[in-house]
Amino acid sequence: MGGLLTVESAIPSGHGYGSSTADVVASLCAVADAFEMQLRPSVVCRLAVAAERASDGHSF
């Protein structure tokens, strides 16, 4: 399996509007849809938090 995911958004980035979270959630949903899967909201939340933490430049 392979693919290409392009993310386009009208939400300004870097202003605290949740743009990165919206992009992550949309990406998760698109990939799940490509595999004809439905993800429970709790799974989407857990994966989104993990993805955001992995891409965050801050150490907590």
Side-chain angles (χ1 to χ4, degrees):
M1 284 270 159
L4 174 66
L5 177 66
T6 302
V7 178
E8 296 180 10
S9 177
I11 303 171
S13 61
H15 295 286
Y17 299 140
S19 60
S20 63
T21 302
D23 292 345
V24 168
V25 170
S27 298
L28 288 168
C29 292
V31 171
D33 189 53
F35 284 93
E36 297 180 353
M37 297 175 59
Q38 288 190 351
L39 299 177
R40 292 189 314 248
S42 60
V43 173
V44 173
C45 290
R46 190 172 67 246
L47 291 171
V49 167
E52 290 279 358
R53 187 169 293 146
S55 67
D56 191 350
H58 302 287
S59 298
F60 296 102

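In what follows, every heavy atom counts, from backbone to side chain, and hydrogens, waters and symmetry copies are set aside. In what follows, residues are counted from 1 in the order of the sequence shown. Everything numeric in this text was worked out from a predicted model, so none of it was measured.
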Considering residues at least two apart in sequence or located in another chain, which fulfil the side chain to side chain contact (heavy atoms under 4.5 Å, CB included) criterion with Pro41?
->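 For Pro41, no residue satisfies side chain to side chain contact (heavy atoms under 4.5 Å, CB included) once neighbours in sequence are set aside.
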Give every donor-acceptor pair under 3.5 Å between a side-chain atom in residues 19-32 and any protein atom, sequence neighbours left out.
residue, atom, partner, partner atom, Å
Ser20, OG, Glu52, OE1, 3.2
Ser20, OG, Glu52, OE2, 3.1
Thr21, OG1, Glu52, OE2, 3.1
Ser27, OG, Asp23, O, 2.8

dist Gln38:CD -> Arg40:CZ (nearest 0.5 Å) comes out at 11.5 Å
